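Have a look at the structure below before the remarks.
Protein chains get the first letters and strands the later ones, always in sequence-line order, with residue 1 at the start of each. These numbers were taken from a predicted model, which means no experiment stands behind them.
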Protein chains: 2
Amino acid sequence: MENFKHLVESYDGKLTTADRDLISIILSEPSEVVYLSSSELAAKANVHASTVVRMARKLGFEGYPDMRKSVRYDVDQNSGFANISQQRRTSIAHGSNLASLVEGEMAALAAVLNSVSQGQIDEGAQLLANADVIYLVGRSSAEPLMVHLNRRLRRAGLRVETLLNLQRRDMAERLISLQENDVVIAFGFQAPISLPASFEALIKHAQLIGAKTINIGDTSILTVRPRANLTLSVSRPDEGAMQLRSGVMIVCEALAMTLANKNPERALLGLESLERLRSDMQGE
Amino acid sequence: MENFKHLVESYDGKLTTADRDLISIILSEPSEVVYLSSSELAAKANVHASTVVRMARKLGFEGYPDMRKSVRYDVDQNSGFANISQQRRTSIAHGSNLASLVEGEMAALAAVLNSVSQGQIDEGAQLLANADVIYLVGRSSAEPLMVHLNRRLRRAGLRVETLLNLQRRDMAERLISLQENDVVIAFGFQAPISLPASFEALIKHAQLIGAKTINIGDTSILTVRPRANLTLSVSRPDEGAMQLRSGVMIVCEALAMTLANKNPERALLGLESLERLRSDMQGE
DNA sequence: AAATCTTTGCAATATATATTGCAAAGATTT
DNA sequence: AAATCTTTGCAATATATATTGCAAAGATTT
């Protein structure tokens, strides 16, 4: 099984960028590739057909059709969804962590749609679109989320400040600069430690200034008072020991995507200045 | 669905014996037929290739390849996986970002089990269990993953160093301290910028020292040479513009969980000293 | 900077596949 | 049985696909 992938892994000659691109396409959508001719595959990878043939030979195949045959074999092996769910069941029976994690996260993702509506996402995106500076506030368990959202928002051309794990005193110091047109996004989770220090004081302060607030997290944030302008609470089906926040992550992503669609010029600007900066710094 | 069968049923012209033989083969083993040329199919039915072409035209297709395309479509529809992505496509058409994101990530998670085995996870956990210091290396798109894994490993009582976004020179500086019993985990993704600077040099260096290396990422890391001791490559069904790394995240989590199970004393120690530290610092 | 090696696209060629006219064999009608 | 129609294979042709030599561009070494 998985002949082709195996073959690539164990191949120890040189592979060019074009080869890698091709391999990546073959591995990521093999079930498309099985129907493609050499030149069609080449087009998909923005590469010349001859490169396709040469790669096939490099990997030890007789030619392109031979390689495609091998991919077909792999795909036929893996297809038939009986196979998949059978695989899943057996690996769960085996006590496999990976399979049960996957299962759990899939359930969690499915549950997201019951917790958060597209309407709420739109609302959040609108708040962010109007924002001057966006503050992300949270404790360390929210750090991966904050890192990701920070990145996405900056790419959309927005100014973002991250306030991670701050004590009351330091947080106050960082928030003096908060202004009317800013937005505060505060992340809150129940276990093991709940909300960022002075979560409620934070929201009160923001409201006083006239800044908007968004709370994102699990069900524990539903009880925060005063209420934020928008509360995006994701409930988990198992609420267990899981540390992954896939559900919340996906909510953040949806916010960022909706925002980008809303404001394509600004996003483009952000990307352009990123590119310019990048090349400028390369030049040095 | 079942376009071809339908078409045949509703066809009211004359069909010869040869036609019927052909149709019977197509309907009884369509998943074979999708790969056959006209003459191969002809041979299977003990018929001449020209008959195949004529039948295709009779049924209203432009020619043999056109008919085969239709059969392919039917087969792809029925193959289970397609069902999921079709569902996804419709919800994208609906314009709901959140719902389509959720569908996409669920498909990505399901695909993880085809990319990575629990055996590989166990192997990785064993490497980590024996490690003295663990180095996490990656570029900024991997930062959320690194942040998360860092946290989890520290909680399991391990020493972790994070090398984010470093240039060759700085990375070299940080890696002088690399020793024989250490492990380097390097994250690599294709787009938009591929691998961390000097990815390959890094692995070479580690091997020289005798340290172990683990590569985690998408299919682009399969082609890295020299090979790491363990390569955990997660392929995505769509490989699209998605920035979320749920699949890879879950692999990291599985590593951490398996490790914690393997080494419960150490993990406990880690948690205890965390608690002690925490209360000590509260006291101040 | 010059020399060498590597990679890649182009264009020519080779091979495979699909299509069609024609004629022969078989079926059907008169 | 003769005439006509239908079906099919063969062989010629058209089209699509795969492969390869060659040269240019780029990367690497000297």
Side-chain angles (χ1 to χ4, degrees), chain A residues 4 8 11-26 32-73 279 282-283, chain B residues 4 8 11-26 30 32-73 168 190 193-195 197-201 204 220 223-226:
Chain A
F4 183 80
V8 170
Y11 175 74
D12 62 347
K14 280 165 202 163
L15 289 172
T16 68
T17 322
D19 292 337
R20 284 155 198 256
D21 288 354
L22 281 167
I23 288 170
S24 160
I25 283 178
I26 297 170
E32 306 264 324
V33 172
V34 290
Y35 295 144
L36 301 180
S37 69
S38 61
S39 48
E40 286 167 329
L41 173 58
K44 237 177 144 60
N46 290 313
V47 144
H48 201 268
S50 43
T51 306
V52 174
V53 176
R54 287 174 189 131
M55 187 207 52
R57 309 202 74 132
K58 242 193 236 175
L59 292 179
F61 296 102
E62 218 170 85
Y64 175 71
D66 189 37
M67 182 180 85
R68 184 177 51 193
K69 205 172 88 188
S70 157
V71 176
R72 283 175 177 177
Y73 181 81
S279 63
Q282 294 261 336
Chain B
F4 184 81
V8 170
Y11 176 75
D12 61 347
K14 281 164 202 163
L15 289 174
T16 68
T17 323
D19 291 338
R20 281 155 201 269
D21 287 355
L22 281 168
I23 287 169
S24 152
I25 283 177
I26 297 170
E32 307 264 323
V33 172
V34 289
Y35 296 144
L36 301 180
S37 69
S38 60
S39 48
E40 285 167 330
L41 173 59
K44 236 175 143 61
N46 290 315
V47 144
H48 199 268
S50 43
T51 307
V52 174
V53 175
R54 286 172 188 133
M55 185 206 52
R57 311 202 71 134
K58 241 193 238 176
L59 292 180
F61 296 102
E62 216 170 88
Y64 175 70
D66 189 37
M67 183 180 83
R68 185 176 51 191
K69 205 172 89 186
S70 157
V71 177
R72 283 175 177 177
Y73 182 80
R168 285 162 186 268
Q190 192 130 57
I193 338 161
S194 52
L195 308 172
S198 55
F199 207 90
E200 315 206 324
K204 245 178 241 166
S220 70
T223 54
V224 169
R225 295 291 179 283

| So what stems show up for DNA chain D if we need 3 or more Watson-Crick or G-U pairs in a row, all under 3.5 Å? |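 Stem list for DNA chain D: C:1-30 with D:1-30.
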
| Where B:M55 and B:I26 come nearest, the two heavy atoms and their spacing |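 Shortest heavy-atom contact: CE-CD1, 4.1 Å.
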
| query | Mind checking which nucleotides bracket the chain A contacts on DNA chain C, 5' to 3', with an atom under 4.0 Å from a heavy atom? | reply |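 Contact span on the strand: C:dT7 to C:dC10.
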
| With sequence neighbours left out, what residues match A:E40 under side-chain hydrogen bond (donor to acceptor under 3.5 Å, both in side chains)? |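 Partners of A:E40 by the side-chain hydrogen bond (donor to acceptor under 3.5 Å, both in side chains) criterion, ordered by chain and then number, come out as A:S37.
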
With a 3.5 Å cut-off and sequence neighbours excluded, list the donor-acceptor pairs that the side chains of residues 41-51 of chain A form with protein atoms.
unit_1 : atom_1 : unit_2 : atom_2 : d
A:H48  : ND1    : A:S50  : N      : 3.2
A:H48  : ND1    : A:S50  : OG     : 2.9
A:T51  : OG1    : A:H48  : O      : 3.4

| DNA chain D contacts among residues 58-68 of chain B, heavy-atom distance under 4.0 Å |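 By residue number: none to list.
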
| request: Calculate, to the nearest 0.5 Å, the distance between atoms OG and CZ belonging to B:S38 and B:R54 respectively. | output: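 CZ of B:R54 is found 11.5 Å from OG of B:S38.
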
| Rounded to the nearest 0.5 Å, how far apart are CZ of A:R68 and CZ of A:F4? |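 Result: 13.0 Å between the selected atoms.
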
Return all side-chain donor-acceptor pairs below 3.5 angstrom for residues 59-67 of chain A, not counting sequence neighbours, or 'none' if the list is empty.
unit_1 : atom_1 : unit_2 : atom_2 : d
A:Y64  : OH     : A:L36  : O      : 2.7
A:D66  : OD2    : A:E62  : N      : 2.9

| task | Check DNA chain C against residues 42-57 of chain B and give the residues with a non-hydrogen atom under 4.0 Å, in numerical order. | result |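 The answer is B:S50, B:V53, B:R54, B:R57.
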
| query | Does anything in residues 34-41 of chain A reach DNA chain C, meaning a heavy atom under 4.0 Å, and if so which residues? | reply |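 Hits under 4.0 Å, by residue number: none.
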
| Considering residues at least two apart in sequence or located in another chain, which fulfil the salt bridge (charged side-chain N to carboxylate O under 4.0 Å, His left out) criterion with A:K58? |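 A:D19.
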
